[in-house]
Amino acid sequence: MDKVGVFLCTGCEIGASLKTDGLEGLAKKNGAVQYAAHPCLCEPAGVATLRCAVESGALDSLVIAACSSRHKQQEFRFDPTKVAVERVSLREQVAWTHPAGHEDTQMQAEDMLRMGIVKAKKMSLAKRLEEALDPTVLVVGGGLAGLEAAKAASAMGHPVVLVEKTAKLGGYLAGVREVTPEVPPYDRLRPSPVVDLEREVRADARIRVLTGTRLLGISGQPGQFSVEVDGSQGREQFKVGAIVQATGARPYDATKLGHLGYGSSPNVITSADLDAMLLKGALARPDGKQPQRIVFIQCAGSRDKAHLEYCSSECCGTSLRQVLAIQEGWPGVECAVVYRDLRSPGQLEHFYRAVQDKGRVMLARGTVEGITGDAALTVSIHESMLGETVDLPADLVVLATGMVPNSADGEAIRQLRDAKKRIEKNESETQVKAAKEMVASLAAHEGTEILNLTYRQGPDLPVLEYGFPDSHYICFPYETRRTGIFAAGAVRAPMDPAQATEDGFGAAMKAVQLISAAGRGEAVHPRAGDVGINDFFLTRCTQCKRCTEECPFGTIDEDAKGTPQYNALRCRRCGICFGACPERIISFPDVSVDAVASQIKAIEVPEEDEEKPRILALMCENDALPALDDAALRRATWNSWVRVIPVRCLGQVNLVWVGEALSRGIDGVILLGCKRGDDYQCHYIQGSQLAHKRLENLQETLTRLALEKERVLVAELGRDEMARIPALLDEFAGTLEEIGPNPLKGF
Ligand code: SF4
Ligand code: SF4
């Protein structure tokens, strides 16, 4: 951009903190064609000054030197297809946090202004995507969450196609007579909700139900998915805009629970077996006799390292409702529930008390040591509340088995397919041997595809360790690692019917929101409203595949030669590909590798004898930067050597920037981002993880340049750690002071 206007706000203590007289000269010297200072830029008169300047056509980009970009977004919002905007956070990073009138404070503000202007000059205008989109929502799975999602999407005016692989709708709950209560006083069972829901869905003219139907393939991108199915109606293809996967869960395989007596006596059954009995209005052992003493065993397979490590969440509720159904239908039958912890999340606590109050149930805490006998069973419990081993007689034992998601591991299937291709290629004996081993280790994933995506990164959603499709568990529970595909119900996380109902509704809302955002050419979460898309300068692409492999959202496919094929509507704008590309040929309209490198060059690095070191802080805009802003709001202070450049994600950091900073004499570089690992907090899943990995490779470069490894630090920080962030910056400054100035200063 060559028509940069700089607008300085002198309100909110900025004017009192700085000598503003020389800033106009600085702005003009660095290429600004217009400069204005205003006592309160966000008030109507200030905003009018900005709008006037833009509408006059004299400017194509604005540098707003005022508050943080996280504030006053309405006031300083301009159409990014008409004008580029760069915000310089003088209020939070200078005026509120550093001593007024101090030489270092002034130097900091001047650096920041130069950095803002150079960035604005390197920006370009965004082009809004204008694509024809299909408003249809595809729901995969006809259980409770799927039915609810279909009903909700239709109620929001969207056509829906509901695909169910079996011949019936209703999922697991079609085989259940009653479920736990959902409304106060939470003391009585309610009929299985899927009966009414199925009736409503089938009667809804906007919903097309395809039972006994398999997905043969899904290609394309949000708003433009192309779906092929095969069912009783034959093969057909149609378009959809978004997808909700609600394929539910299945009970854990009880044949693996021999230690709890399953298989050793026909009178040890599962909660699913008991549900089937209760549906028929019967309560009988396999020999036809009515049981008189039933013992329920909780956590059968759940919270057990040898089986399912997680809590299945709803099995305690299931046992309680089965106890209540037995108390009401067969009042003479005694029930006991043996548990380690009886978990009744949310309002189910009331239900738990109601079941307890109705009497004739013994709720016994303890660990099951063994189950012996056949017709007359004995359940031995230790670590009980009585502090000794207790034997409970039973003539029927019900194992409250956990739930296993009905998902497919997209990543594992991709690896399996790749290994098979390597065997076919038969390139070398060693390779074929390794590929065969891979095929053997992944054999369990053969034929497990559900969505059959044509994505380069695999045909199904990637899953977490326990098979639940990955999502950001704190901020974006329904989103998966494939944009436009949402997970809902028990396939997403263990849950009870009330939660599954909410989940179906929530995922439908996200699907509808996505279609609407895609129609405006905008990204969804977390950069909601961003219209800028990636630009790949492919003539310089070396087909290294780093971008295709590292994109966490499967956005980029490849052609036969390995050249990236970018699907803009799948992109979340995280910039991880941008950080990965060794050729530095990926950019967004508002940021490029070159733009940030130029910002780094715009930092004035004082000579060594001036004893004014410089620190570059690359901060994630989702957690670290908001934490820094909050620290500023509390008037915290931190070392004035720090110069902050916000990034979309630490995964966006291209190592070139670190090299550039150090070779220019900047004394240290700190990267501040989210927690990585299995309980990651990264909004883009693996950005923080990738930053750590890439920086490990940087150590070799540091050694080559004879620089200490302590000069580069990656720190993990939570959004709420506003008290820690100034301390982290100060500690890093202390370390740099100890190791001394960067020896490359002045070269
Ligand atoms: S910006 Fe992020 S989501 Fe988009 S292509 Fe790059 S890595 Fe993938
Ligand atoms: S990372 Fe860069 S060079 Fe490598 S394939 Fe992607 S665009 Fe091409």
Side-chain angles (χ1 to χ4, degrees), residues 69-70 80 126 129 221-222 455-457 461-462 470-476 478-485 510 514 517-518 521-536 545-557 564-582 584-593 595-596 618-626 645-657 671-677 680-695 714 716-717 719:
S69 58
R70 301 183 59 255
L129 281 175
Q221 54 181 344
Y455 288 31
R456 186 257 184 222
Q457 286 195 9
L461 302 175
D470 193 359
S471 58
H472 191 283
Y473 68 102
I474 302 173
C475 300
F476 316 116
Y478 304 116
E479 274 84 18
T480 67
R481 286 196 197 185
R482 298 293 172 258
T483 308
I485 307 178
K510 293 306 286 184
L514 173 120
E522 292 175 2
V524 285
H525 55 267
R527 293 186 65 84
D530 186 350
V531 295
I533 54 163
N534 273 341
D535 182 23
F536 287 68
K545 303 189 183 182
R546 295 258 312 265
C547 58
T548 41
E549 278 163 12
E550 292 190 1
C551 169
F553 303 107
T555 302
I556 313 168
D557 294 325
Q565 308 288 297
Y566 175 62
N567 293 281
L569 291 166
R570 289 187 205 163
C571 179
R572 304 244 182 123
R573 279 71 152 176
C574 62
I576 286 177
C577 54
F578 173 119
C581 180
R584 310 190 289 280
I585 56 175
I586 306 174
S587 59
F588 293 99
D590 61 344
V591 65
S592 61
V593 177
V596 176
L618 296 161
M619 276 191 202
C620 157
E621 67 181 10
N622 296 302
D623 288 65
L625 195 69
I645 296 185
V647 290
R648 295 161 183 234
C649 171
L650 284 195
Q652 190 199 0
V653 173
N654 195 298
L655 290 188
V656 164
W657 298 338
L671 279 71
L672 285 155
C674 323
K675 198 165 184 305
R676 68 198 155 126
Y680 67 88
Q681 288 167 9
C682 175
H683 284 58
Y684 300 111
I685 299 156
Q686 56 194 31
S688 186
Q689 184 92 29
L690 283 166
H692 278 81
K693 204 168 115 198
R694 290 176 194 158
L695 281 162
V714 195
E716 293 176 7
L717 187 91
R719 167 66 185 86

> With no hydrogens and no angle check, is any side-chain donor or acceptor of Ser688 less than 3.5 Å from a backbone partner on Cys674?
Replying inline: yes

>> Exactly one of Pro582, Cys577, Cys581 should register a side-chain contact (heavy atoms from CB on, under 4.5 Å) with Cys547. Which one does?
In response: Cys577

>> Could you go through Leu650 and Leu690, starting from their C-alpha distance and side-chain angles, then the distance that decides it, and tell me whether this counts as side-chain contact (heavy atoms from CB on, under 4.5 Å)?
In response: CA-CA 8 Å; Leu650 284 195; Leu690 283 166; over 6 Å; no

>> With rounding to the nearest 0.5 angstrom, report the CD to NZ distance, Gln689 to Lys675.
In response: 11.0 Å

> What closest approach, in Å, do Gly687 and Ile576 show between heavy atoms, and which atom pair accounts for it?
Replying inline: CA-CD1, 3.7 Å

>> Rounded to the nearest 0.5 Å, what separates atom CG in Leu129 from atom CD1 in Ile533?
In response: 4.5 Å

>> Using every non-hydrogen atom in the two residues, find where Leu625 and Pro646 come nearest and quote the distance to one decimal.
In response: CD2-CB, 3.9 Å

> Quick one: side-chain hydrogen bond (donor to acceptor under 3.5 Å, both in side chains) partners of Thr480, sequence neighbours excluded?
Replying inline: none

> Looking at CZ of Arg546 and CD1 of Ile556, how far apart are the two atoms once the value is rounded to the nearest 0.5 Å?
Replying inline: 12.0 Å

> So, do Val653 and Leu695 sit near enough that their side-chain heavy atoms are less than 4.5 Å apart?
Replying inline: no

> Hey, does Glu479 have a side-chain heavy atom less than 4.5 Å from the side chain of Val524?
Replying inline: no

> Where do Arg676 and Lys693 land on the side-chain contact (heavy atoms from CB on, under 4.5 Å) test, with the steps shown first?
Replying inline: CA-CA 11 Å; Arg676 68 198 155 126; Lys693 204 168 115 198; over 6 Å; no

>> Against Val596, only a single residue in Val656, Asn654, Ile645 fulfils side-chain contact (heavy atoms from CB on, under 4.5 Å); can you say which?
In response: Ile645

>> Would you compute the distance between atom OG1 of Thr483 and atom CG of Asn567 and round it to the nearest 0.5 angstrom?
In response: 10.0 Å

> Between Arg482 and Gly554, which heavy-atom pair has the shortest distance, and what is it?
Replying inline: NH1-N, 3.3 Å

>> Can a donor-acceptor pair be found, under 3.5 Å and without considering hydrogens, that links the side chain of Gln457 to the backbone of Thr548?
In response: yes

> Nearest 0.5 Å, what's the CG-OH distance between Leu514 and Tyr478?
Replying inline: 15.5 Å

>> Would Gln681 and Arg719 count as a side-chain contact (heavy atoms from CB on, under 4.5 Å) here? Give the steps.
In response: CA-CA 9 Å; Gln681 288 167 9; Arg719 167 66 185 86; over 6 Å; no

> Of the non-hydrogen atoms in Cys682 and Cys649, which two are nearest, and what is the gap between them?
Replying inline: SG-SG, 3.9 Å

> Partners of Tyr566 by ring-ring contact (aromatic ring centres under 6.0 Å, His included), sequence neighbours excluded?
Replying inline: Phe536

>> Give me the atom names and distance for the closest heavy-atom approach of Cys574 to Pro552.
In response: SG-CD, 4.3 Å

>> One pair to check against side-chain contact (heavy atoms from CB on, under 4.5 Å): Val591 and Phe578. What are the steps and the verdict?
In response: CA-CA 10 Å; Val591 65; Phe578 173 119; 4.3 Å; yes

> How long is the gap from CD1 on Ile586 to CD on Gln652, to the nearest 0.5 Å?
Replying inline: 11.0 Å

> Is any side-chain heavy atom of Gln686 closer than 4.5 Å to a side-chain heavy atom of Arg481?
Replying inline: yes

>> Below 30° counts as parallel, above 60° as perpendicular, anything between as tilted: where do the rings of Phe476 and His683 land?
In response: perpendicular

> Is there a donor-acceptor pair closer than 3.5 Å between any side-chain N or O of Arg572 and the backbone N or O of Tyr684?
Replying inline: no

> How close do Ala624 and Leu717 get, heavy atom to heavy atom, and via which atoms?
Replying inline: CA-CD2, 3.7 Å

>> Taking side chain to side chain donor-acceptor pair (under 3.5 Å) as the criterion, tell me which of Arg456, Arg570, Gln221 meets it with Asp557.
In response: Arg570

> For Arg527, which residues count as a side-chain hydrogen bond (donor to acceptor under 3.5 Å, both in side chains) partner, sequence neighbours excluded?
Replying inline: Asp530, Glu621

> Under the 3.5 angstrom rule, does the side chain of Asn534 hit a backbone N or O of Ala568 as a donor-acceptor pair?
Replying inline: no

